[in-house]
Amino acid sequence: MTQQGTGCSMPSADFDAIVVGAGFGGMYMTHKLRDDLGMKVQSYDKGGDIGGTWYANRYPGILSDTESFFYSYSFDKELLQEWTWKNRYVNQREILEYLSHFADRYDIRKSYQFDTKVTSAIFNEDTNRWHITTDRGDNVTAQHFITGLGLLSATNVPNFKGRETFQGQQFHTANWPHEGVDFSGKRVGVIGTGSTGTQFITEAAKTAGHLTVFQRSPQYTVPIGNGPISEEFSNDIKANYDASWKQIKNSNVAFGFVESTVPAAGLPVEETDKVFEAAWQKGGVFRFMFETFCDIAVDPGANEAACAFIRKKIDEIVDDPAVAEKLKPYDLYAKRPLCDSGYYATFNRDNVTLADVKAHPIVEITPKGVLTEDGEYELDILVYATGFDSVDGNYVKMDIRGRDGLQIKDKWKKAPTSYIGVANAGFPNMHMILGPNGPFTNLPPSIETQVEWIADLIRSMRDKGQITAEPKLSAEQNWTKTCQEISDATLFSKADSWIFGTNIPGKESAVQFYLAGLGNYRKVLNEEANKGYQNYMFQYADELSNQG
Ligand code: FAD
Ligand code: NA7
């Protein structure tokens, strides 16, 4: 049976808006449209309850790398005061509790139908409405179609030969069993050493009989510096929330600290190392990259200073020099930066083996375990910490069609695009939360920015009697160009990672983010609204005004 919130099933009804996704984005959008704008909203999620990322990812060691008190909604001042975070960083259980509290506070679940995958969304040019179907047989229409599908949500499980033959248990980290997995006495293998893999490895090693880490790329990672929050600290955070959120929304990465304006380039190594050491002791991943110096992500020399410092740390921490060497990256520090709670030291444990699958690639998964060019590793449990088909992954899985029957997956064949991260030319009244070429930041403040902007656009349309809104193609092309130029000026564009989609075999490298920061992004959005949405075309009844 279809899982509901407290609302009733309406398999063939008409709505003002359909919202897909019950993460930070979808829930806030549902609240905004339903409660602030008084619209008739139906929301769906394929998961069994609210939470999005934090419903699906339950692997051991999972932790936010945004400080808890800034990994939250900022719009509700009462909620900010009433919710007390226990630790500096937030684990899955705690964030899900918070999101569930949010859902209860606004009675969000009553608008949701869970365990329901939206399979198609097709714009009908005669009725100017979206026709939406689900895998549960719903067939509904809406004026507005809003996607909060998540940018790190569609899982990537590499198509290893023989995967289905493995006789033990195998899991992707983002499809983790709710009842947990007992590693005690088991031979556990993990493929992947990204943010998820490093968190998983550090924690799983504590209970596994033996843990084999299949590493393709070594990683730069810095201590997170997690720990309990004192009452005094918590009170201080609460007293300063107004100023903090103002700072966050005008900053670049929006993590709640003041970004450095001091370049590392040209400084002697003793000076840069002193700053890096202080950051290492304090903890925090975005702090290490952006609070220390201003040029690590843009200047090769500054970048190498950070790399060399981390390599020195690996040598200090890891007992076996051969293992240390395998763990040391020599490429740019320009993927999504990582942090950990003792990752490198984990390789000093007797029950952990590092298998270098760049030197000796995985040949196939066998009934007994993983066969590499170096031999077979027998396992009871195999974990895929292999990441996500980022940004457009969930979009291209759905049959989304705009004007002239154009499918989004065809439009985005070469690269996903958008106008200012929220809209697409030819897809009227389709509004995206965290769509392609949106900001690359601590995400809740970016999500809030977009949700509030979309709600304002819909309100403005209603006030003016406009029935459809869609961005001009030229505006979308200019935005893509802007994002490309900004990205080209950073070192991120020189490294392969999910940020550019290159983690997926066959996917071409493409700009997927606006890398100039939340403050600048908000200025662009404000200007668009203040100038009367000049890069949009609107339709009043049957007529298109303002042809682009
Ligand atoms: P999501 O939370 O991803 O929700 C999307 C929802 O859409 C999902 O529930 C999914 O089931 C649903 N959905 C998708 N397609 C369909 C469909 N066809 N039909 C029905 N439902 C559908 N960000 C940070 O800023 N800081 C962090 O510390 C941080 N840590 C992270 C740790 C992990 C392990 C991961 C995976 C991500 C992390 N992120 C972090 C990114 C995180 O995804 C965002 O912060 C945020 O949770 C995204 O919220 P969202 O609502 O946009 O999407
Ligand atoms: P990532 O960062 O994409 O990491 C995936 C890891 O899996 C990475 O180490 C990959 O190695 C490895 N991988 C992927 N495919 C293979 C194959 N075929 N063989 C061997 N190894 C493979 O995903 P995460 O889940 O860790 O993090 C994604 C974001 O989610 C993160 O930034 C957080 O914000 C939350 P590679 O580096 O490609 O050589």
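Numbering of ligands and ligand atoms starts at 1, following listing order. Since we're looking at a predicted model, the values are computed, not measured. Computed over heavy atoms, backbone and side chain alike; hydrogens, waters and symmetry mates excluded.
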Checklist entry - Any nitrogen or oxygen of Gly25, main chain or side chain, under 3.5 Å from a nitrogen or oxygen of ligand 1? => result yes
Item to check | Residue part near ligand 2, for Thr386, under 4.0 Å between non-hydrogen atoms | outcome: both
Next on the checklist: Ring centres under 6.0 Å, that's the criterion: do Phe123 and Trp130 meet it?
Outcome noted: yes
Next on the checklist: Nearest 0.5 angstrom please: Leu211 CG to Lys206 NZ, how far?
Outcome noted: 12.5 Å
Checklist entry - Is the count of non-hydrogen atoms from other residues, nucleotides or ligands lying under 6.0 Å from Lys368 atom NZ greater than 12? => result no
Checklist entry - Going through the checks in order, is the side chain to side chain donor-acceptor pair (under 3.5 Å) test met by Tyr89 and Ser68? => result CA-CA 5 Å; Tyr89 294 88; Ser68 51; over 6 Å; no
Next on the checklist: Taking the cut-offs as 6.0 angstrom to the six-membered ring centre and 45 degrees off its axis, would you call Arg58 and Tyr55 a cation-pi pair?
Outcome noted: yes
Checklist entry - To which protein heavy atom is atom 9 (O) of ligand 2 closest, and what is the distance rounded to 0.1 Å? => result Thr193 N, 2.9 Å
Item to check | Identity and separation of the nearest protein heavy atom to atom 17 (C) of ligand 2 | outcome: Arg216 NH1, 3.3 Å
Checklist entry - atom 31 (C) of ligand 2: which protein heavy atom is closest, and how many Å away? => result Ser195 CB, 3.6 Å
Item to check | Check: Pro361 and Val363 side chains under 4.5 Å, non-hydrogen atoms | outcome: no
Item to check | Polar contact flag for Phe24 and ligand 1 (N/O pairs, less than 3.5 Å) | outcome: yes
Checklist entry - Counting both backbone and side chain atoms, is some N or O of Met398 under 3.5 Å from an N or O of ligand 1? => result no
Checklist outcome for this item: In terms of its nearest heavy atom to atom 7 (O) of ligand 2, the top option of Gly192, Ala174, Pro361, Ser497 is Gly192
Checklist entry - Please state which protein non-hydrogen atom is closest to atom 24 (P) of ligand 2 and give its distance, to 0.1 Å? => result Thr196 OG1, 3.4 Å
Checklist entry - What about Tyr106 and His101, are their ring centers closer than 6.0 Å? => result no
Checklist outcome for this item: Ranked by distance from atom 28 (O) of ligand 1, the top protein heavy atom is Asp65 N, 2.6 Å
Item to check | Which residue and heavy atom of the protein sit nearest atom 6 (C) of ligand 1, plus the separation | outcome: Asp45 OD2, 3.5 Å
Next on the checklist: So, 4.0 Å and heavy atoms of Lys358: is ligand 2 close enough to count as a contact?
Outcome noted: no
Checklist entry - Any N/O of Ser64 closer than 3.5 Å to an N/O of ligand 1? => result no
Next on the checklist: If you count every heavy atom of other residues, nucleotides or ligands that lies below 6.0 Å from Lys409 atom NZ, does the total exceed 12?
Outcome noted: no
Checklist outcome for this item: By side-chain contact (heavy atoms from CB on, under 4.5 Å), Asn424 pairs with (sequence neighbours left out) Ile408, Lys411, Trp412, Thr417, Ser418, Phe427, Met432, Glu476
Checklist entry - Of the protein's non-hydrogen atoms, which lies at the shortest distance from atom 1 (P) of ligand 2, and what is that distance? => result Trp498 CD1, 4.0 Å
Checklist entry - Taking non-hydrogen atoms only, is Val20 closer than 4.0 angstrom to ligand 1 via side chain, backbone, both or neither? => result side chain
Item to check | Salt bridge flag under 4.0 Å for residues Lys507 and Asp389 | outcome: yes
Next on the checklist: Checking Asp104 against Arg109 for the salt bridge (Lys or Arg N to Asp or Glu O under 4.0 Å) test, could you report, in this order, the C-alpha distance in whole Å, the side-chain angles of both residues, the deciding distance, and whether it holds?
Outcome noted: CA-CA 8 Å; Asp104 289 345; Arg109 289 185 180 88; 2.8 Å; yes
Checklist entry - Do we see a donor-acceptor contact under 3.5 Å between the side chains of Thr202 and Asp340? => result no
Checklist outcome for this item: Looking only at protein heavy atoms, what sits closest to atom 20 (C) of ligand 2 is Ile191 CG2, 3.7 Å
Checklist entry - Would the Trp54 and Tyr98 ring centres measure less than 6.0 Å apart? => result no
Checklist entry - Who pairs with Asp36 by side-chain hydrogen bond (donor to acceptor under 3.5 Å, both in side chains), at least two apart in sequence or on another chain? => result Lys32
Checklist entry - Side chains of Ser217 and Lys358: does their closest heavy-atom pair fall under 4.5 Å? => result yes
Checklist entry - Hey, is ligand 1 close enough to Thr66 that some N/O pair sits below 3.5 Å? => result yes
Next on the checklist: I'd like to know if Ile433 contacts ligand 1, where contact means a heavy-atom distance under 4.0 Å to any ligand atom.
Outcome noted: no
Checklist entry - Between Thr53 and ligand 1, is there a nitrogen or oxygen pair with a distance under 3.5 Å? => result yes
Checklist outcome for this item: for atom 30 (O) of ligand 2, nearest protein heavy atom and its distance come out as Leu152 CD1, 3.6 Å
Item to check | Closest approach of any protein heavy atom to atom 32 (C) of ligand 1, naming residue and atom | outcome: Trp54 CH2, 3.7 Å
Checklist entry - What protein heavy atom sits nearest atom 16 (C) of ligand 1, and how far off is it? => result Lys46 CE, 3.7 Å
Item to check | 4.0 Å heavy-atom contact, Phe160 with ligand 2 | outcome: yes
Checklist entry - So which heavy atom in the protein is nearest atom 34 (C) of ligand 1, and how far is it from that ligand atom? => result Tyr59 OH, 3.4 Å
Checklist entry - Among Val285, Asp49, Thr155, Ile447, which one has a heavy atom closest to atom 48 (C) of ligand 1? => result Ile447
Checklist entry - What protein heavy atom sits nearest atom 6 (C) of ligand 2, and how far away is it? => result Ala385 O, 3.4 Å
Next on the checklist: So for atom NZ, which belongs to Lys494, do other residues, nucleotides or ligands contribute more than 12 heavy atoms lying within a distance under 6.0 Å?
Outcome noted: yes
Checklist entry - Does ligand 2 have a heavy atom under 4.0 Å from the side chain of Ser217, from its backbone, from both, or from neither? => result both
Next on the checklist: As an exercise, identify every atom of ligand 2 less than 4.0 angstrom from a heavy atom of Lys335.
Outcome noted: 37 (O)
Next on the checklist: For atom 5 (C) of ligand 1, tell me which residue out of Ser68, Gly23, Gly148 has the closest non-hydrogen atom.
Outcome noted: Gly148
Checklist entry - Between Phe24 and Tyr28, does the ring centre distance come in under 6.0 Å? => result no
Next on the checklist: Does the residue Phe388 have a heavy-atom contact with ligand 1, meaning some pair of atoms that are separated by less than 4.0 Å?
Outcome noted: yes
Item to check | Pair Tyr384 and Phe171, ring centroids less than 6.0 Å apart | outcome: no
Item to check | Non-hydrogen atom of Thr116 closer than 4.0 Å to ligand 1 | outcome: yes
Next on the checklist: With nothing but distance in play, are any N or O atoms of Asn156 less than 3.5 Å from an N or O of ligand 2?
Outcome noted: no
Checklist outcome for this item: The closest protein heavy-atom partner of atom 53 (O) of ligand 1 is Gly150 CA, 3.2 Å
Next on the checklist: For atom 47 (O) of ligand 1, what is the closest protein heavy atom, and at what distance to 0.1 Å?
Outcome noted: Tyr71 OH, 3.2 Å
Checklist outcome for this item: Nearest non-hydrogen protein atom to atom 25 (O) of ligand 1, with distance, is Leu443 N, 2.7 Å
